[in-house]
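To find a chain, count down the sequence lines: A is the first, B the second, and so on, and within it residues start at 1. Any value given below was found using the heavy atoms of this structure, including those in side chains, with hydrogens, waters and symmetry copies removed. A quick note: this is a predicted structure, and the numbers were derived from the prediction, not measured.
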Amino acid sequence: QKEVEQNSGPLSVPEGAIASLNCTYSDRGSQSFFWYRQYSGKSPELIMFIYSNGDKEDGRFTAQLNKASQYVSLLIRDSQPSDSATYLCAVSRSNDYKLSFGAGTTVTVRA
Amino acid sequence: KAGVTQTPRYLIKTRGQQVTLSCSPISGHRSVSWYQQTPGQGLQFLFEYFSETQRNKGNFPGRFSGRQFSNSRSEMNVSTLELGDSALYLCASSLGHSGSYEQYFGPGTRLTVT
């Protein structure tokens with residue numbers, strides 16, 4: 001079982017719609033969760049982090065964490081073509097605090 | 001505040017050679033982590049340094065090594081390069097331990113081994 005799994009994608013959404021990205025993790029003791037956006041040919045850019053159960057909103061982005069279900073998600077509201085990128089979920093391991101990354105979900109926002 | 005910087009940005013080396021990559025973290029950040037990113041394996045953790053000490057290490061052979069200086073700048077070295085070492089090498093910095101603090105990536109060094 002992979003430590004961090006993301007929906008494989010690619011995910012295609014129309015401009016203005018909500019893009020929903022999912023991530024599950026295997027380490028029940030994980031405490032820190034991060035979402036990165038990576039444009040093609042660029043390095044990952046931190047867009048959200050969440051440590052507590054519930055929702056955290058930042059502009060058009062909302063991260064949702066459910067530790068009981070070992071699930072973290074990212075919602076992108078009012079999707080724009082500039083949101084077209086690969087989104088990486090990262091989870092901190094409880095035993096050594098290393099960050100484990102998922103394989104990423106590629107999102108394409110079509111105009 | 002300046003971001004994470006990495007040098008060089010691009011590198012072409014021949015199999016069997018060795019290479020040294022450099023990373024300067026965000027000012028005030030004491031933790032530097034290194035990652036290898038390839039299309040097939042995704043983003044894989046190499047090692048993390050905090051206050052000049054290696055805190056964590058990933059599952060890479062001993063050909064991959066690193067160090068951190070007193071000013072938090074870090075270098076990683078790959079000896080006896082193999083074709084499979086061709087990848088984007090990313091450095092990331094954080095205030096404290098990478099698992100507990102937000103981590104910010106540099107632009108990466110694209111290494112091609114021929």
For atom [atom1] of [X], decide whether the heavy atoms of other residues, nucleotides or ligands shown that lie under 6.0 angstrom number more than 12.
{"X": "B:Y101", "atom1": "OH", "answer": "no"}
{"X": "A:R110", "atom1": "CZ", "answer": "yes"}
{"X": "B:N71", "atom1": "CG", "answer": "yes"}

Is any side-chain heavy atom of [Y] closer than 4.5 Å to one of [X]?
{"X": "B:F105", "Y": "A:Q38", "value": "no"}
{"X": "A:P44", "Y": "B:L90", "value": "yes"}
{"X": "A:F101", "Y": "B:Y35", "value": "yes"}

Hey, what do you get for [atom1] ([X]) to [atom2] ([Y]), rounding to the nearest 0.5 Å?
{"X": "A:L46", "Y": "B:Y104", "atom1": "CG", "atom2": "OH", "result": "5.0 Å"}
{"X": "A:T86", "Y": "B:L43", "atom1": "OG1", "atom2": "CG", "result": "11.5 Å"}
{"X": "B:K57", "Y": "A:K98", "atom1": "NZ", "atom2": "NZ", "result": "9.0 Å"}

Donor-acceptor under 3.5 Å (A:S43 side chain, B:G108 main chain): no
Co-membership, hydrophobic cluster, residues [X] and [Y], 4.5 Å side-chain:
{"X": "B:L88", "Y": "B:V32", "answer": "no"}
{"X": "B:L81", "Y": "B:W34", "answer": "yes"}
{"X": "A:F49", "Y": "B:I26", "answer": "yes"}
{"X": "B:L111", "Y": "B:F64", "answer": "yes"}
{"X": "A:F34", "Y": "A:V4", "answer": "no"}

Considering all heavy atoms, the nearest B:Q103-A:Y36 contact: O-OH, 2.7 Å
Can you tell which part of B:Q41 gets under 4.5 Å to a heavy atom of chain A, answering side chain, backbone, both or neither?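 Neither part; nothing is under 4.5 Å.
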Measure B:E48 against the heavy atoms of chain A and call it side chain, backbone, both or neither at under 4.5 Å.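 No part of B:E48 comes within 4.5 Å of chain A.
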Which portion of A:E45 sits near chain B, non-hydrogen atoms under 4.5 angstrom: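 A:E45 has no heavy atom closer than 4.5 Å to chain B.
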